[in-house]
Structures are given as structure tokens and as C-alpha cells.
A.B. asks: 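Sharing a structure below in C-alpha cells format, with a few things to ask.
Heavy atoms only: backbone and side chains are in, while hydrogens, waters and symmetry mates are out. Note that the coordinates shown come from a computational prediction; the quantities given were computed from them, not determined experimentally.
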Amino acid sequence: MRILFSSWPAYGHLLPMVPMIRAALEQGHQVVVASGTDVQPLLDVRGLPGVVAGPTLAQAYAAAAEANRRAGLTEQFNQMDPQQVAAASARHLFGAAAARRARDLRPLIEDWRPDVVIHDTLELGGPTAAQLAGVPHAMHSYGPLVPHTDLFAAAIGGALADAGLPDPIPGVFAAPYLDVCPPGLQPDGTGPWSDVLAVRPSSGDVLPGEVLPAGFAELPHPSTVYLTLGTVTNERPGAFRAVLDAVASHPVNVVVTTGPAVDPAAVAAGRPAVLAVPYLSQALVLPHVAAVVSHCGAGTMFGALACGLPQLCLPHGTDQPFNAAAVVRA
């Protein structure tokens with residue numbers, strides 16, 4: 001078979017699909033993974049075949065901010081109902097980016113003719129282009145469904161329709177839903193999908209030759225905490241400092257992943273029990289720590305749970321408050 005995977009350009013959306021991508025390749029299927037240029041290095045280092053389609057994460061956010069400004073919403077967000085804010089984000093961020101990705105994918109789908117398109121929950125350019133070409137598609141989840149899925153979906157579908165493309169939402173809800181979220185963490189089930197297939201969540205993969213960062217073995221205490229704010233909601237140095245200041249009175253080490261926008265040296269300065277690096281495969285570090293402090297992105301949440309680790313959740317936005325509430329309930 002020929003399988004096209006289409007992902008929103010963020011690690012937390014693409015990485016949950018990697019086990020299925022690898023399984024498809026191991027069984028002899030032809031695979032192409034489509035996303036923005038910013039996640040192509042993630043594919044390259046894993047030896048996965050990628051193609052550029054749609055905007056980068058930064059381009060998508062910049063376009064959404066401009067659309068919100070033109071619509072007069074920027075100054076109103078603090079006074080708007082949370083559902084209205086979510087709908088605006090869905091329309092101007094995920095909907096607009098889906099339209100660009102659908103247009104980029106149409107020539108590839110027409111020429112390569114995949115047998116199926118598999119896309120993540122918030123990447124709807126793939127199924128839009130698939131429906132135009134008469135190709136089956138399926139959605140691969142990356143975490144628990146957020147409340148008001150139907151409202152979010154309608155906003156994205158409306159943006160695609162306004163862009164002159166077919167609204168993919170009815171077809172998406174009728175297609176298979178590949179769910180990596182254990183039922184105990186789905187507060188309201190998986191409606192409106194009726195064809196739900198369970199997929200085992202993963203803590204990630206360790207690449208050949210990948211080792212713990214230099215200095216890990218020299219940390220002074222026998223117990224270590226892993227601190228991460230993910231690869232998107234990580235641009236708040238104050239959050240790192242607050243956690244590190246609180247941990248300083250305890251005899252534990254902290255391994256911190258800062259992301260590309262924060263200087264690791266500044267985070268760890270003057271803290272001998274802290275090791276900070278821009279990025280670290282969580283599958284590599286989780287077996288060596290006693291607890292996880294995080295933004296509670298779905299991938300980090302699943303990784304900590306898969307390793308049986310206690311976690312302190314510091315949600316910053318998007319789906320993180322709902323993930324944190326699911327962890328507390330469980």
C-alpha cells in the first residue's frame with residue numbers, strides 16, 4: 001500500500017504517529033509524511049521519508065495573529081467566552097493552515113495516489129485533499145479529546161469552505177478514529193466518532209546511538225526530576241525558575257529541556273544540581289527519573305503514565321488544562 005501521513009507541524013502531533021509510520025514501513029508499505037519544514041529534521045534523524053506541505057508552526061501562528069487583528073479580535077480575547085476564543089483559534093489557526101496544506105497536498109495525492117491518508121486530530125488539510133481525490137482517510141489522535149469537539153470542528157470546516165474547499169468534517173467523523181488515549185483518560189468518550197480503533201500510546205523512541213546528555217552521570221543527588229514545558233508552550237523562563245527555586249530545598253537533581261527559545265545555560269546558571277538542554281528524547285530520560293514536572297502536553301502525560309511516574313502538571317493553555325484534569329481524575 002501507499003500511505004500518506006499528514007501532521008500539524010509540531011512534535012506533539014507528529015511523534016504519536018511515529019510508531020504506526022514505522023510499523024507500516026516494516027511491513028513493506030510505501031510511506032510519505034507531510035508537514036511543515038520545521039519538523040523535517042525530526043523525520044530526517046529518524047530516517048523517515050518526508051515532504052513539505054503547508055506552513056511552519058511560526059507561519060501558522062503569525063497568519064492567525066494577523067487574521068485576528070483584521071477581524072478586531074485581538075483586543076477582545078480577554079473579554080470573550082472561552083468557547084469563542086477556541087472557535088477563533090480553530091478558524092484562523094488550524095482552519096487557515098489546513099487550507100494551505102490541502103492545496104499543497106493535492107498534486108502529491110493526484111500524482112502518487114496513496115491508498116489512504118492518515119492525519120492527526122488538528123491537521124485537516126490531509127483529509128480535505130483526500131476527499132477531493134476520492135482517497136480514504138483516517139484520523140490518528142495524539143491525546144484526549146477536548147470538550148466541544150463539534151464546535152472546534154465546525155470552525156475549521158467553515159474556514160476550509162470559505163477558502164473554496166469542501167468541508168471535510170462530516171467525512172472525518174464518519175472515518176476511522178485511531179485513538180492513542182486510554183478510555184480512562186477520555187472524560188466524555190470519543191463521540192462523534194463511531195468507528196474507533198485503539199492504538200497503544202508510547203513514551204517515544206530512542207534513536208540508535210542516542211545517549212543521555214553530558215553531565216547527567218555527574219549530578220550530585222541519587223534522585224532526579226524531569227522538567228519540561230514542551231516544544232511550543234515553553235517560552236516562559238519564569239516558569240522554569242519557579243519550579244527550580246521550589247526544588248532547590250530538596251536533595252534532588254533536575255533535568256530540564258528548555259526548547260529552542262530559552263537559553264539552557266541561563267536556566268541552569270548557579271544551580272549545580274540542574275542540567276539543562278534544548279531537547280531530549282523523553283523515552284531516553286524517563287527511565288532514569290523519579291517524577292515529571294511538565295506543561296501536561298499529551299505526549300509528556302502519556303510518557304510519564306507509561307513509565308508509572310508521578311507527575312506535577314502545570315498547564316499553560318491549549319489542551320493542557322483538560323489533560324491535567326484527566327490525570328487528576330485517574
A.B. asks: Quick one: do the His140 and Asp120 side chains pair a donor with an acceptor below 3.5 Å?
C.D. replies: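 Distance-only check fails for His140 and Asp120.
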A.B. asks: Determine, using the 4.5 Å side-chain heavy-atom cutoff (strictly less than), whether Leu275 and Tyr226 are members of one ILVMFWY cluster.
C.D. replies: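 In one cluster: yes.
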A.B. asks: Provide the closest heavy-atom pair for Pro272 versus Leu219 in the form atom of the first, atom of the second, distance.
C.D. replies: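 So the minimum-distance heavy-atom pair works out to O-CD2, 4.1 Å.
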A.B. asks: Shared ILVMFWY cluster between Val52 and Val33, side chains joined below 4.5 angstrom?
C.D. replies: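 Unlinked, Val52 and Val33 end up in two clusters.
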A.B. asks: I would like to know whether Val292 and Leu309 meet side chain to side chain contact (heavy atoms under 4.5 Å, CB included); could you show each step before the answer?
C.D. replies: CA-CA 7 Å; Val292 175; Leu309 294 170; 3.9 Å; yes
A.B. asks: Hey, are Ser141 and Asp179 close enough side-chain-wise for a donor-acceptor pair under 3.5 Å?
C.D. replies: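 Checked: Asp179/Ser141 side chains pair up, N/O donor to acceptor below 3.5 Å.
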A.B. asks: Could you state the interatomic distance from OH (Tyr177) to OG1 (Thr190), rounded to the nearest 0.5 Å?
C.D. replies: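 If I round to the nearest 0.5 Å, the distance is 7.0 Å.
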A.B. asks: Between Thr56 (side chain) and Gln59 (backbone), is there a donor-acceptor pair under 3.5 Å?
C.D. replies: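 Yes, Thr56 side chain to Gln59 backbone: donor-acceptor pair under 3.5 Å.
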A.B. asks: Under 3.5 Å, sequence neighbours excluded: what are the donor-acceptor pairs made by side chains of residues 43-50?
C.D. replies:
| unit_1 | atom_1 | unit_2 | atom_2 | d |
| --- | --- | --- | --- | --- |
| Arg46 | NE | Asp205 | OD1 | 3.4 |
| Arg46 | NE | Asp205 | OD2 | 3.3 |
| Arg46 | NH1 | Leu42 | O | 3.4 |
| Arg46 | NH2 | Asp205 | OD1 | 3.3 |

A.B. asks: Taking the side chain as C-beta and beyond, is there a heavy-atom pair between Arg271 and Asp245 under 4.5 Å?
C.D. replies: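 Yes; the side chains approach each other to less than 4.5 Å.
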A.B. asks: Would you name the heavy atoms of Pro9 and Pro55 that are closest together and state the gap between them?
C.D. replies: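 Reported closest heavy-atom pair: CG-O, 3.5 Å.
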A.B. asks: Can you classify the ring geometry of Trp193 versus Phe173 as parallel (below 30°), tilted (30 to 60°) or perpendicular (above 60°)?
C.D. replies: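 It falls in the perpendicular class, over 60°.
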A.B. asks: What pair of heavy atoms forms the shortest contact from Cys296 to Cys313, and how long is it?
C.D. replies: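 Scanning both residues, the minimum pair turns out to be SG-SG, 3.6 Å.
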A.B. asks: Do Leu105 and Ser6 come within less than 4.5 Å of each other through their side chains, counting heavy atoms only?
C.D. replies: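 Leu105 reaches Ser6 side chain to side chain.
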A.B. asks: Output the distance between atom CD1 (Ile109) and atom CG (Leu132), rounded to the nearest 0.5 Å.
C.D. replies: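 Taking CD1 in Ile109 and CG in Leu132, the distance rounds to 8.5 Å.
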A.B. asks: If you measure from CG on Leu227 to CG on Asn253, what distance do you get to the nearest 0.5 Å?
C.D. replies: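 If I round to the nearest 0.5 Å, the distance is 13.0 Å.
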A.B. asks: Less than 4.5 Å apart, side chain to side chain, heavy atoms only: is that true for Phe302 and Pro182?
C.D. replies: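 Answer yes - side chains close enough.
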A.B. asks: Give the C-alpha distance, both sets of side-chain angles, the deciding distance and a yes or no for side chain to side chain contact (heavy atoms under 4.5 Å, CB included) between Leu305 and Gln311.
C.D. replies: CA-CA 8 Å; Leu305 290 172; Gln311 52 188 310; 3.5 Å; yes
A.B. asks: Between the side chain of Arg113 and the main-chain N/O of Arg2, is any donor-acceptor distance below 3.5 Å?
C.D. replies: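 Not at all, since once roles are kept as given, no pair shorter than 3.5 Å links the two residues.
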A.B. asks: Is the Tyr142 ring parallel, tilted or perpendicular to the His13 ring (thresholds 30°, 60°)?
C.D. replies: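 Ring orientation of Tyr142 relative to His13: tilted.
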A.B. asks: Distance only, no hydrogens: is a donor on one side chain within 3.5 Å (strictly under) of an acceptor on the other, for Ser7 and Glu123?
C.D. replies: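 Side chains of Ser7 and Glu123: no pair found under 3.5 Å.
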A.B. asks: Ignoring hydrogens and angles, tell me if any N or O in the side chain of Glu26 forms a donor-acceptor pair with the backbone of Ala23 under 3.5 Å.
C.D. replies: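 No; judged by distance alone, with no hydrogens or angles, the pair does not exist.
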A.B. asks: Measure the CD-NE2 distance between Gln320 and His295 for me, rounded to the nearest 0.5 Å.
C.D. replies: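 Gln320 atom CD to His295 atom NE2 measures 5.0 Å (nearest 0.5 Å).
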A.B. asks: Just checking, any donor-acceptor pair under 3.5 angstrom between side chains of Thr257 and Thr228?
C.D. replies: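 Indeed, the side chains of Thr257 and Thr228 share at least one donor-acceptor pair under 3.5 Å.
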A.B. asks: Any chain of hydrophobic side-chain contacts (each under 4.5 Å) joining Val206 to Leu212?
C.D. replies: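 Yes; tracing contacts between hydrophobic side chains, which count when under 4.5 Å, links both residues.
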A.B. asks: Going by heavy atoms in the side chains, are Val32 and Pro114 under 4.5 Å from each other?
C.D. replies: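 Val32 does not reach Pro114 side chain to side chain.
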A.B. asks: Looking at OG of Ser294 and CD of Gln282, how far apart are the two atoms once the value is rounded to the nearest 0.5 Å?
C.D. replies: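 That separation rounds to 9.0 Å.
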A.B. asks: Test of understanding: clusters of I, L, V, M, F, W, Y form through side-chain heavy atoms closer than 4.5 Å, transitively. Do Leu4 and Leu14 belong to the same one?
C.D. replies: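 Leu4 and Leu14: separate clusters.
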A.B. asks: Quick one: does Leu160's side chain get under 4.5 Å of Ile156's, heavy atoms only?
C.D. replies: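 In contact.
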A.B. asks: Check this for me: does any side-chain nitrogen of one of Arg70 and Glu66 sit under 4.0 Å from a carboxylate oxygen of the other?
C.D. replies: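 Judged by the 4.0 Å cut-off on N to carboxylate O distance, Arg70 and Glu66 do form a salt bridge.
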A.B. asks: For Val180, does its backbone N or O pair with a side-chain atom of Arg200 as donor and acceptor, under 3.5 Å?
C.D. replies: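 Not confirmed, Arg200 side chain does not pair with Val180 backbone.
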A.B. asks: Determine, step by step, whether Val277 and Thr258 satisfy the side chain to side chain contact (heavy atoms under 4.5 Å, CB included) criterion, reporting the C-alpha distance in whole Å, the side-chain angles of both residues, the deciding distance to 0.1 Å, and the verdict.
C.D. replies: CA-CA 6 Å; Val277 293; Thr258 63; over 6 Å; no
A.B. asks: Counting distance only, does the side-chain N/O of Asp115 pair as donor-acceptor with the main-chain N or O of Met1 below 3.5 Å?
C.D. replies: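 The answer is no, because no donor-acceptor pair under 3.5 Å joins these two groups.
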A.B. asks: Might you point out which heavy atoms bring Arg103 and Ala163 nearest each other, and give the distance in Å?
C.D. replies: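 Answer, listing the atom of Arg103 first, then Ala163: NH2-O, 2.6 Å.
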A.B. asks: Donor-acceptor pair, distance only, cut-off 3.5 Å: does the side chain of Ser202 make one with the backbone of Gly204?
C.D. replies: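 Confirmed, Ser202 side chain pairs with Gly204 backbone.
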A.B. asks: To the nearest 0.5 Å, tell me how far Leu93 CG sits from Leu122 CG.
C.D. replies: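 Reported to 0.5 Å precision, the distance equals 8.5 Å.
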A.B. asks: Would you mind reporting whether Arg101 and Trp8 have side-chain heavy atoms less than 4.5 Å apart?
C.D. replies: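 Touching, per the 4.5 Å side-chain cut-off.
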A.B. asks: Show the nearest heavy-atom pair for residues Gly297 and Asn323, with the distance to one decimal.
C.D. replies: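 Heavy atoms of Gly297 and Asn323 come nearest at C-ND2, 3.9 Å.
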A.B. asks: For Ala298 versus Asp319, what's the shortest heavy-atom pair and its separation?
C.D. replies: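 Between these two residues, the closest heavy atoms are CB-OD2, 4.4 Å.
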A.B. asks: Test your reading of the model: is there a side-chain donor-acceptor pair from Asp104 to the backbone of Gly54, 3.5 Å cut-off?
C.D. replies: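 Side chain of Asp104 to backbone of Gly54: a pair is present.
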A.B. asks: Would you say Met139 and Leu124 make side-chain contact, with heavy atoms under 4.5 Å?
C.D. replies: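 Sidechains of Leu124 and Met139: in contact.
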A.B. asks: Taking Leu314's backbone N and O only, do any of them form a donor-acceptor pair with His316's side chain (distance below 3.5 Å, no angle check)?
C.D. replies: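 Yes; at least one donor-acceptor contact below 3.5 Å.
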A.B. asks: Could you go step by step and tell me if Thr224 and Val254 meet the side chain to side chain contact (heavy atoms under 4.5 Å, CB included) rule?
C.D. replies: CA-CA 5 Å; Thr224 301; Val254 183; over 6 Å; no
A.B. asks: Shared ILVMFWY cluster between Met20 and Leu25, side chains joined below 4.5 angstrom?
C.D. replies: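 In one cluster: yes.
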A.B. asks: Do Val293 and Val243 have side chains that get closer than 4.5 Å, going by heavy atoms?
C.D. replies: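 Yes, side chains in contact.
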